[in-house]
Protein chains: 2
Amino acid sequence: MLFRLNPQAGQPLYLQLMQQIRHAVDTGVLRQGDQLPGIRTLSEEIVVSHTTVAKAYAELEHEGLLEIRHGSGAFVAARSGGKSRSEKLRSAQERVHALVETLRQERFTAEEISRLFEAELFYPAQARSRGDE
Amino acid sequence: MLFRLNPQAGQPLYLQLMQQIRHAVDTGVLRQGDQLPGIRTLSEEIVVSHTTVAKAYAELEHEGLLEIRHGSGAFVAARSGGKSRSEKLRSAQERVHALVETLRQERFTAEEISRLFEAELFYPAQARSRGDE
DNA sequence: TGAACTGTACTGGTGTTAGCGTACAGTAGG
DNA sequence: CCTACTGTACGCTAACACCAGTACAGTTCA
C-alpha cells in the first residue's frame, strides 16, 4: 500500500488521501475487512500529521467506506462496494447541482451546460487546450 | 433600481449584488450604456461598505458586463452579452473539467456522469430531494 | 482652480478551514 | 495490571475570503 500526497496540488491533503484510499478499495488493493495502517504509521510514511490521516479516516467512515474501532484500528467496511455507492452518488449529485446552479446564474442555458459536459466527457483532449487566466 | 441584500443568506454580499445587477441587465431594467449608481450612493441604499459595491462592480467589469471609468462612473458595457462570453466560457470549462475529473476518480463512468448532469439540467426538481448535512 | 462628484488602494478586523502537536481514551496481549 | 498499540479531543497557527474604514486619485463643471 503506497500513498503519495502532493502539498502543492492545491487540494487539501486529507482529501487527496481519501481519494487514494477510495481508489485502493475500488481496485481491490484493499478488500472488505482489511485493516488499514495505523494513523501514525501512515502519517510517517506520507509525511503529514497523524491528525490529518485521522481526519481522512473519519470522513471515509462517515461515507461508509471504512469502519473505525477506537483502540483497534480502521477497516474496510463490509458493504463498502454497495453501501458507499449511494453515499457517493448523493455527494456527486450535490456537487453537480451546485455547479449547474452556478452556471445557470451566469446565464448559461441548459443546452450550453449540457454541451460543456459532453465535450468534457467524450472529448476530453479537445476540451482541455489552454492555461489558466 | 432597487437592490436588496441579505447578510444571512450565506452568500457573500458582493456576489448577491453581482447577481442582481446581472439580472437587471438581463431583464432590461438596465440597458447598454446606462450609468449605474455611484458606489457610495448604492452602498448607503443597501447598507454595506462602498468597497463592497466597488468589488461587485470590479468583478462585473472583469466579466465584461460593465465598463468602469475612474472618476466618471460605472456603465453597462456596449456588448454586454457578447464580449464577456468567451471569458465566462473558459471559466465554466475549467470548473466542469475539475468536477468531471473528480467524479471519474470516484469511479463514475462517463454515462453515469452524463446522467447526473442531465437529471440536474432537465429534471432539477427530482434531483433535489434532501437537505444539507 | 477648486469643489463635488466619480472609482481605487491600502490596512485591519473577523470568521473559516487546513494542518499540526499535545494530551487523552479505548483495546489487546504479555 | 501494565505496556504498547489503536483512534479521539482539544488548542494553536497560518492562510484565506469577506467586509469595513480611511486615504488617495481621476473627472467634471462652475
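By convention in this document, chain letters (A, B, ...) are assigned in the order of the sequence lines, proteins followed by strands, and residues within each chain are numbered from 1.
Phosphate proximity of dG7(D) to Tyr57(A): absent, as no side-chain N or O sits under 4.0 Å from OP1 or OP2. Taking 4.0 angstrom as the limit, Lys55(A) places a side-chain polar atom (N or O) nearer than this to OP1 or OP2 of dA18(C). Between dT28(D) and Ser72(B), a contact under 4.0 Å exists linking OP1 or OP2 to a side-chain N or O.
In this structure, CD1 of Ile68(B) is placed 15 Å from C1' of dT27(D), rounded to the nearest angstrom. With rounding to whole Å, Gln35(A) atom CD is found 8 Å from dT6(D) atom P. The nearest whole Å value for the distance from the CG atom in Leu60(B) to the C1' atom in dT8(C) is 17 Å. In this structure, CD of Glu59(B) is placed 12 Å from C1' of dA17(D), rounded to the nearest angstrom. Taking atom CD on Gln8(B) and atom P on dC19(D), their separation rounds to 12 Å, with Å as the unit. Atom CG of Leu36(A) is separated from atom P of dC5(D) by 19 Å (rounded to the nearest Å). Regarding Tyr14(A), its OH atom lies at a distance of 16 Å from the P atom of dT16(C), rounded to whole Å. Atoms CD1 (Ile46(A)) and P (dG19(C)) sit 11 Å apart, rounded to a whole Å.
Considering only side-chain atoms of Ser49(A), the nucleotide from dT6(C), dT6(D), dC20(C) that sits closest is dC20(C). Out of dG19(C), dT8(C), dG7(D), the shortest distance to the side chain of Ala74(A) is found at dG7(D).
Residue His70(B) places a side-chain atom within donor-acceptor reach of the base of dG7(C), judged by atom type and a 3.5 Å distance cut-off alone. Between the side chain of His50(A) and the base of dT6(D) there is no donor-acceptor pair of N/O atoms closer than 3.5 Å. At a cut-off of 3.5 angstrom, counting only N and O atoms as typed in the model, there is a donor on one side and an acceptor on the other between the side-chain of Arg40(B) and the base of dG7(C).
Among Glu94(A), Glu101(A), Arg95(A), Gln93(A), the single residue meeting the side-chain contact (heavy atoms from CB on, under 4.5 Å) criterion with His97(A) is Glu101(A).
Heavy-atom distances to DNA chain D give each of Gly71(A) and Thr51(A) a nearest nucleotide, and the one nearer the 5′ end belongs to Gly71(A).
We find the CD-CG distance between Glu67(B) and Leu60(B) to be 13.5 Å, quoted to the nearest 0.5 Å.
In terms of modelled atom types and a separation under 3.5 Å, the side chain of Gln16(A) and the main chain of Gln11(A) share a donor-acceptor contact.
Looking only at side-chain heavy atoms (C-beta outward), Glu112(A) and Arg115(A) come within less than 4.5 Å of each other. Inter-residue side-chain proximity for Val76(B) and Arg31(B) is flagged as unmet; no heavy-atom pair is nearer than 4.5 Å.
No contact: Ser43(A) has no heavy atom under 4.0 Å from any strand.
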